[in-house]
Amino acid sequence: MSLEIIGISVLWTFLFGYVILGSIDFGAGFFNAYSIITGKQHVVSKVIQRYLSPVWEVTNVFFVFFFVGIVGFFPKTAFYYGTVLLVPASIALILMIIRGSYYAFELYGSKGYKGHKGYAFMYGIAGVLVPAALSIVLTISEGGFISIIDGNPVLDYGALFTSPLTWSVVVLSIVAVLFISAVFLTWYSNKAEDTGATNLMRKYAMFWAFPLIIAAVGIIYELSSHNPEHFDRILNLWWMFGLSFLLWIGTVWLTWKRKKYGLAVGLLVGQFALAFYAYGISLYPYLLYPYLTIYEGFTNDAMAISLIVVFILGLILLVPSIFLLLKLFLFDKDYVKGNKKKE
Amino acid sequence: MLFDDPVFGSRVLTLLTLSFHIIYATIGVGVPLMIMIAHWVGIKKKDEHYLLMAKRWARGFAVTVAVGVVTGTAIGLQLSLLWPNFMELAGNIIALPLFLEVFAFFFEAIFLGIYAYTGDRFEDKRKHFLLLIPVVLGAAASGLFITVLNAFMNSPQGFDIVNGQLTNVNPIAAMFTPAMPTKVSHVLATSFMTAAFMLASIAAYKILKGSNHIYHKKSLYMTMKIGLVFSIAAALIGDFSGKYLAEYQPEKLAAAEWHFETEEGAPLLMYGILDDEGEVKYELKIPYGLSILANGNPNSVVIGLDQFPEEETPPLIIHYFFDLMVTIGGFMVVLSLVYWIGMKRAWSFVKSNWYRWLIVLGGPLSFLAIEAGWWMAEVGRQPWILRGIMTIEEAATSSDYVGLMVILFATLYLFLGIGTIVVLRRMFKNNPVELELEQQEAAQGGETT
């Protein structure tokens, strides 16, 4: 395997980690806000907060890893994407700052403080807008929105915001966030033996399951006209998308039957992994169609090798640490149930 | 639009984000060590007060870390958004410490989450203490790695540029630049110093406001001692930084000291102003001072600004930043030294109200010194973003929307800053030390009977 492929695989894996962990986080914030408006706060808020408070910073690091890593492995992306993404990425940043400040000020705040409704609402809305803002990057990478003027890349906002592809991607990102989060929280609430929360989250999961597939098919359809070359590569990987679809059926069926919520989460991760990697493979070799491929944009070998070595050493340190974190906050039944008080 | 020039807009936004983030970053690097020391002293002396100190500091720390995470994410992303050409070059040479920094922070975040949420789960405080080790190491390491990047910007090495092409990249050599030892150690020492004086400032304020509890006095005495050690260390390392500058970045040293003519036995100018003719007025001259700072030898030659073309001369305003940093640093050494000796010898004035007000002032002053130090370091590198290789003009984005972003982020930082203060105040006001100690005793009393 070439260094370029290792590099992009590492980055794509970080991004996948962020998609799953981030979706749980963003969706939970949205459900939290929604339950406050509909007066069902008592049902879900506790479960949501118990999971999210200690974990969100770790989730955020996956994102930082991705954008630091991509500049390391593919420095030219800084030139192309750095220039054109100033506005969308800044908006995503601002939304993330609003979310982070909610954790800082509302959850870590003081004992017995009830929290501010408007703030929780903003936090929830910001959560679904972050993936929408970030997903713009994937749309841009399909090409057709950037032109090079005087040697500098320039983004055509008019074309971007009138393209149906843009909006299909935005819709998919939001629906995916809500679906992933609902399936996960169904399992987590069930583990906490909180029947009310389990039923509610299960309802949300069922609600978002079908829009997800419709949105995904919609994007593939849009691509057939926007970037036919990419569309053909997607068709070549039909079996990966097909397998992903089967896993989706499994998740929906288990959730519908109220069986094995844990397995449903496993299938869900499998479903998204297959679709996400299949999509990634179909993008190959482009980082930004048609200007930049992973071969043109790659760093020097010395840097690539040192990054990979550090990455492996880092994993040796981090995997046991993350395992410990999950063991304490995700798999510890007493903590999940709230029997162990937070300090 | 307010900032028509994207270069100027990018500079303003970077200045804004870094000046704001550095407050949280300094707390983020410094406070874990304070928590660890308090926790350790608590175990050693079997003193509940120190254990409670660690607990309360950690609680406040969680808030500042969360804000630091988002401002840190902001600056990380803004580097690519505002300086895409620089990051394209830097990505090729100096991506390694950036990557390492994220790992170090990751490590810290995981264990901080565990430490903060498991206080009740450990019967044995020693085991709980062990969780702090990765937090302190991760915090210091992330400060180290990110400063390595800044050191590289000041004295780039580890690569060759042949006919405009980058070759012979050595990522390790790029990390161990001449600027790195003094810069990293100065950043770490001043972070510990500032964190200690910030906590001392809070303790002194509590005592002044009438809380007579021994808890605050213990806290004040301990943090002032720690602050003393690190402020002396910071001053010594600062002296080495002067010697580094004299050898590798003489233009920065010369601009900071308003040293215009190359000469032997150069005096050190403190304070003063520049009049319209470019003459220095009202300055304090320390004979041979600059030669000593630059080379450790009063008769040595110090290169002046006359040796540099005008377009490569850093802005002379950094002299004021230098003065501010050094003056505050010196003041804090004296303040904490006198306090420490005074406590040993039972001088009554160190317990007087006016002296305690000075200690209260010391916290914000230390942060001001941190800001001034970074302004000197960053403005003093102008016009370069990568000294001798790339100017900020060449590095900046060509996007038209930087001005708008400046306004958006400025609003957000204002909100974050106010939010931090409001939340921390509410958090500790509603749950004062006295109350928490009572509750603890009540709970323990309940267990034994």
Side-chain angles (χ1 to χ4, degrees), chain A residues 53-55 57-58 60-61 63-65 67-69 71-76 78-87 89-90 93-94 96-97 99-101 103-105 108-113 150 152 299-300 302-303 306-307 310-311 314 317-318 321-322 324-325 328-329 340-343, chain B residues 55 59 62-63 65-67 69-71 73-74 76-77 80-82 84-85 87-89 91-93 95-96 98-100 102-103 105-107 109-111 113-114 116-121 134 166 169-172 397-399 401-402 405 408-409 412 415-416 419-420 423 426-427 430-431:
Chain A
S53 303
V55 180
E57 278 166 16
V58 174
N60 188 66
V61 178
F63 175 63
V64 180
F65 255 125
F67 74 68
V68 166
V71 173
F73 279 111
F74 304 98
K76 274 207 164 68
F79 171 69
Y80 283 101
Y81 282 110
T83 309
V84 298
L85 287 181
L86 178 69
V87 176
S90 292
L93 260 181
I94 287 167
M96 285 180 190
I97 291 176
R99 299 191 81 252
S101 71
Y103 290 110
F105 300 156
Y108 299 162
S110 49
K111 274 183 193 166
Y113 172 68
D150 298 334
N152 285 316
T299 188
N300 51 81
M303 179 58 75
S306 54
L307 286 177
V310 164
F311 173 70
L317 200 63
L318 283 184
S321 315
I322 293 179
L324 181 65
L325 184 77
L328 287 170
F329 297 114
K340 284 178 184 166
K341 248 183 39 231
K342 85 161 190 173
E343 179 50 51
Chain B
K55 213 164 154 183
R59 222 179 281 148
V63 174
V65 167
V67 179
V69 165
V70 288
T71 57
T73 309
L77 205 51
S80 292
L81 297 174
L82 299 173
N85 303 307
M87 284 308 280
E88 185 187 346
L89 182 64
N92 275 299
I93 315 166
L96 193 59
L98 267 174
F99 207 54
L100 283 163
V102 187
F103 266 115
F105 179 74
F106 205 165
F107 197 53
I110 290 174
F111 282 94
I114 299 176
Y117 281 85
T118 54
D120 292 355
R121 289 205 215 172
L166 192 67
V169 172
N170 182 341
I172 306 294
T397 180
S398 52
S399 174
Y401 302 97
V402 183
M405 297 303 130
L408 279 176
F409 279 100
L412 216 54
F415 160 75
L416 286 178
T420 309
V423 168
R426 191 175 60 203
M427 190 164 163
N430 293 347
N431 189 20

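Here the structure is a predicted model, which is why all the values come from computation and not from measurement. Chain identifiers are assigned alphabetically (A, B, ...) following the order of the sequence lines, protein sequences preceding nucleic acid strands; residue numbering begins at 1 within each chain.
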Against chain A, label [X] side chain, backbone, both or neither, depending on which of its atoms sit under 4.5 Å from a heavy atom there.
| X | answer |
| --- | --- |
| B:N92 | both |
| B:I110 | both |
| B:I93 | backbone |
| B:T71 | neither |
| B:F105 | side chain |

For this session: Using side-chain hydrogen bond (donor to acceptor under 3.5 Å, both in side chains) as the criterion, list what pairs up with B:T73, not counting sequence neighbours.
Result: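 A:N60.
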Considering only heavy atoms from C-beta outward, does the side chain of [X] approach that of [Y] to under 4.5 Å?
| X | Y | value |
| --- | --- | --- |
| A:F67 | B:V102 | no |
| B:L81 | B:T397 | no |
| B:L408 | A:S90 | no |

Residue among [options] with most heavy-atom pairs under 4.5 Å to chain A:
| options | value |
| --- | --- |
| B:P171, B:S399, B:G76 | B:P171 |
| B:F111, B:F409, B:F415 | B:F409 |
| B:N85, B:L82, B:T420 | B:T420 |
| B:L166, B:N170, B:L77, B:V70 | B:L77 |

Problem set entry | Heavy-atom pair with the smallest gap, counting every atom of B:Y401 and A:L86 |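 That closest heavy-atom pairing would be C-CD2, 3.9 Å.
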For this session: Locate the shortest heavy-atom distance separating A:S101 from B:L416; write the atom from each residue and the value.
Result: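 Closest heavy-atom pair between A:S101 and B:L416: CB-CD2, 3.5 Å.
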Taking every heavy-atom pair that is under 4.5 Å apart, which of [options] has the most such pairs with chain B?
| options | result |
| --- | --- |
| A:V68, A:L318, A:D150 | A:L318 |
| A:N152, A:T299, A:N300 | A:N300 |
| A:L317, A:L85, A:V84 | A:L317 |

Exercise. Taking only residues two or more places apart in sequence, or in another chain, which ones meet A:V71 in a side chain to side chain contact (heavy atoms under 4.5 Å, CB included)?
Worked result: A:A78, B:S80, B:M87
Exercise. Tell me, side chain or backbone of A:F65 under 4.5 Å from chain B's heavy atoms, or both, or neither?
Worked result: both
Exercise. Relative to chain B, which segment of A:Y80 carries a heavy atom at a distance below 4.5 Å: side chain, backbone, both, or neither?
Worked result: neither
Problem set entry | Atom pair CZ/CG of B:R426 and B:N431 - distance to nearest 0.5 Å | 13.0 Å
Exercise. Is the A:F311 ring parallel, tilted or perpendicular to the B:F103 ring (thresholds 30°, 60°)?
Worked result: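 It falls in the tilted class, 30° to 60°.
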